[in-house]
Amino acid sequence: MQLFKDQILKVSNSLTGEKEVFKTVKEGYVGMYVCGPTVYSNVHLGNCRTFMSFDMIFRYLKHLGYKVRYVRNITDAGHLENDADEGEDKIAKKAKLEQLEPMEVVQRYTVDFHETLKAFNLQPPSIEPTATGHIIEQIEIIKEILAKGFAYEVNGSVYFDIIKFSESNTYGKLSGRKLEDMIANTRDLAAQDEKRNPQDFALWKKAEPQHIMRWPSPWGDGFPGWHLECTAMSTKYLGETFDIHGGGMDLKFPHHECEIAQAEASSGHSPVNYWLHANMLTLNGKKMSKSTDNNIYPDEIFSGDNRILSKPFAPSVVRFFMMQAHYTSILDLGNDALLASEKGYYRLMDALKTLEKIEPSESSSFDVANWQKACYDAMNDDFNTPVLIAHLFDAVKRINLIKEGQETISKADKKVLQDSVNTFVFDILGLVDQDNNDNNATTINGVINLLIDLRNNARANKDFATSDKIRDELLTLGVQLKDGKEGTTFSLN
RNA sequence: GACAAGGUGGCUGAAUGGUUAAGGCAAUGGUCUGCAAAACUAUUUUUUAUGAGUUCGAAUCUCAUCCUUGUCUCCA
């Protein structure tokens, strides 16, 4: 199915600041690159939001029938700790700190990263390349940039020449900065700097003798600059011009700006057609920060072992919470917001179960095709998941009304409704039914149904002491019984 | 200081020029129930940080002020 031929998708392009109709370089194919994590510590919840947003975008593009190649890198080298002097990178610093091999640090946090994303039900990207695996490609790009005259070598390091680049190109078009302003705003503190201009950035840094992570190059032993890996890997796997480049807002400048400069300098044209930026996540209205203790890790949310939330929350609840906001908006995480999302999430999941059991009628009392279209319209409007979720709750209401006998649905419409709800909830939003995810689910269901039988017998005999005991004690165990016209059902919270 | 994204009800969060400002949560009443819960249903912001302006019409456009977040040094 090639839905993309009928659906008109619009995306917010940070490069133009406008919502544009999405048109791929090659019909039917999408190349998407998202800046991945630097694996020197446990993955941050804010990072998770960004990757979750692009996971949803990845899923929707695939649903539309595109063949998507989604590349998300692992930065395992190249992050300078302090650009001005010794040029020690983040991975190497952590390694010394913990008395580990750099690659041991990389391995540990890569595993943590993958486990966390898996808990949030993110699909793996098509390719997950590492910076250290692409040193040769990075060196080749540096040679190209040097040959075109947009870089210079100083004492074993190579820097990108912003002034030279600006003579023929525009540096700062993504972030809305002007080079003159940047120069005017820079206090010239680094007099000992090798760079000709403070705006210049490193393509290659010379490794001091004690530096552990090092590779040979035409300019001596050293390591690549941070911005370069993304250019090298995106070009290698997606080509010199590809469709979507994503990342967090905070990467807009300088990282993405530098990527544009590097690509334009080496290949001669703009690398990306649509720049998509996910917005930040705050915690209780303030930025997340380890130093002020206003910080929480995914594990701590799942386990409840934290000082910020009143109870543990399932990964799908957190994912649902994030999907209730648009990816370009700042989202604030807090206890009340998560509690509200949890309620809504379980209401949605319950309705999906109700839908399975519903008896179809001759005709439908509402327009299912129209409802389905509204869902697509929401997603086509720059992946507007909050509006999609509003429509899903409209479906929830209909489902419950059908169950009450106040609405009807035909057999054909029931199938359409069921298919689309499942598609949007599980395939596109990437939610998981936490209850059915349990291996012991069958056993638990059997036991609870037995208790429901016993309770209903007691109720029939007007033995309310017994029936209430069953109901109340189940509730404290997290099992909520629901008496309806068709009998008693339950949900696990 | 410069640049960027924002400021919407009790909380969360959509809607960027057009009749009643979506949805979730919360609260209150009703239906249902042995009672509750769930579900359904009605009600709850008379108004979109503040002030001025443009317009027949503004949350939406313009200007000013205040505030939040991000970036300018590594950061999703």
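Naming: A, B, ... by sequence-line order, numbering from 1 per chain. Scope of the values below: all heavy atoms of this structure, side chains included, with no hydrogens, waters or symmetry mates. Note that the coordinates shown come from a computational prediction; the quantities given were computed from them, not determined experimentally.
Among the nucleotides B/G34, B/A14, B/U69, the one closest to the side chain of A/K287 is B/U69. Considering only side-chain atoms of A/H44, the nucleotide from B/A14, B/A76, B/A39 that sits closest is B/A76. In the set B/A37, B/C72, B/A76, B/A76 carries the atom at the smallest distance from any side-chain atom of A/L251. Considering only side-chain atoms of A/M280, the nucleotide from B/U71, B/A14, B/A76 that sits closest is B/A76. For A/Q480, the listed nucleotide lying nearest its side chain is B/A38; candidates were B/A22, B/A38, B/A36. Among the nucleotides B/A76, B/G23, B/G13, the one closest to the side chain of A/A390 is B/G23. Between B/U69, B/U71, B/G34, one nucleotide has an atom nearer to the side chain of A/S467 than all others, and that is B/G34. Nearest to the side chain of A/P386, among B/G13, B/G34, B/G23, sits B/G13. Among B/G13, B/A76, B/A36, the nucleotide with an atom closest to any side-chain atom of A/D483 is B/A36. Side-chain proximity of A/Q406 to the nucleotides B/G23, B/C40, B/A76 is greatest for B/C40.
At B/A14, one or more side-chain N or O atoms of A/S329 fall inside 4.0 Å of OP1 or OP2 (strictly under the cut-off). Put simply, A/R459 has no side-chain N or O that comes within less than 4.0 Å of OP1 or OP2 on B/U33. Here A/N47 reaches the OP1 or OP2 of B/A76: one of its side-chain N or O atoms lies under 4.0 Å away. At least one side-chain nitrogen or oxygen of A/K343 sits closer than 4.0 Å to the OP1 or OP2 atom of B/A26. An OP1 or OP2 oxygen of B/C40 is reached within less than 4.0 angstrom by a side-chain nitrogen or oxygen of A/R347. Regarding contacts with the backbone of B/A5, every side-chain N or O of A/N279 stays at 4.0 angstrom or more from both OP1 and OP2. Considering only side-chain N and O atoms, A/N384 lies under 4.0 angstrom from the phosphate OP1 or OP2 of B/A15. The side chain of A/K482 contributes no N or O atom lying less than 4.0 Å from OP1 or OP2 of B/U33.
Between B/U8 and B/U69, the two P atoms lie 14 Å apart (nearest whole Å). Nucleotides B/U16 and B/U48 have their C1' atoms positioned 12 Å apart, rounded to a whole Å. Annotation: B/G51 and B/G13 have their C1' atoms spaced 27 Å apart (nearest Å).
A straight line from CD of A/E18 to C1' of B/U16 spans 13 Å, rounded to a whole angstrom. In this structure, NZ of A/K357 is placed 18 Å from P of B/A38, rounded to the nearest angstrom. At whole-Å resolution of the value, CZ in A/F320 and P in B/U12 are 17 Å apart. Atom CD of A/Q199 and atom C1' of B/U71 are 14 Å apart (whole Å). The separation between A/L348 atom CG and B/G23 atom C1' is 12 Å, rounded to whole Å. With rounding to whole Å, A/L333 atom CG is found 15 Å from B/U69 atom C1'. Counting to the nearest Å, the P atom of B/G6 and the CE atom of A/M249 are 7 Å from each other. If you take CG of A/D463 and P of B/C35, they are 17 Å apart, rounded to a whole angstrom.
Exactly one residue among A/F113, A/Y327, A/F58 makes a ring-ring contact (aromatic ring centres under 6.0 Å, His included) with A/F51. That residue is A/F113. Here the options are A/W275, A/Y274, A/Y70, the test is ring-ring contact (aromatic ring centres under 6.0 Å, His included), and the partner is A/H245; only A/W275 passes.
Counting non-hydrogen atoms under 4.0 angstrom, A/D332 reaches the backbone sugars and phosphates but no base. Within 4.0 Å of A/H277, counting heavy atoms only, lies no atom of the nucleic acid at all. Counting non-hydrogen atoms under 4.0 angstrom, A/K403 reaches nothing in the nucleic acid. Base engagement by A/D250 is indicated by at least one non-hydrogen atom pair under 4.0 Å involving a base atom. Among the atoms of the strands shown, only primed sugar atoms or phosphate atoms (P, OP1, OP2) are found under 4.0 Å from some heavy atom of A/G176. Residue-level contact check: A/L331 touches the backbone only, with heavy atoms under 4.0 Å from sugar-phosphate atoms and none from bases. Among the heavy atoms of the strands, none lies under 4.0 Å from A/L392. Looking at heavy-atom distances under 4.0 Å, A/F393 makes contact with sugar-phosphate atoms alone, never a base. Backbone-only engagement by A/A325 is indicated by non-hydrogen atom pairs under 4.0 Å involving sugar-phosphate atoms exclusively.
Figure legend. B/G29 is base-paired to B/U41; pairs are counted as Watson-Crick or G-U wobble with both atom distances under 3.5 Å. Remark: B/U46 base-pairs with no nucleotide in the shown strands. Criterion, Watson-Crick or G-U wobble with two distances under 3.5 Å.
Residues A/E229 and A/N73 have side chains that bring a donor and an acceptor to within less than 3.5 angstrom of each other. Residues A/K178 and A/Y171 have side chains that never bring a donor and an acceptor to within less than 3.5 angstrom of each other. Side-chain contact, A/T385 with A/Q324: no donor N or O sits under 3.5 Å from an acceptor N or O. Donor-acceptor pairing under 3.5 Å is lacking for the side chains of A/H256 and A/H227. A side-chain donor-acceptor contact under 3.5 Å links A/Y60 and A/N380.
Taking 3.5 Å as the limit, the base of B/A36 and the side chain of A/R471 contain a donor-acceptor pair of atoms between them. Residue-to-nucleotide contacts include a donor-acceptor pair under 3.5 Å from the side chain of A/D468 to the base of B/G34.
Under the 6.0 Å distance and 45° angle rule, A/R319 does not count as a cation-pi partner of A/F120.
Annotation: A/K311, atom NZ; neighbour count of heavy atoms from other residues, nucleotides and ligands within 6.0 Å is above 12.
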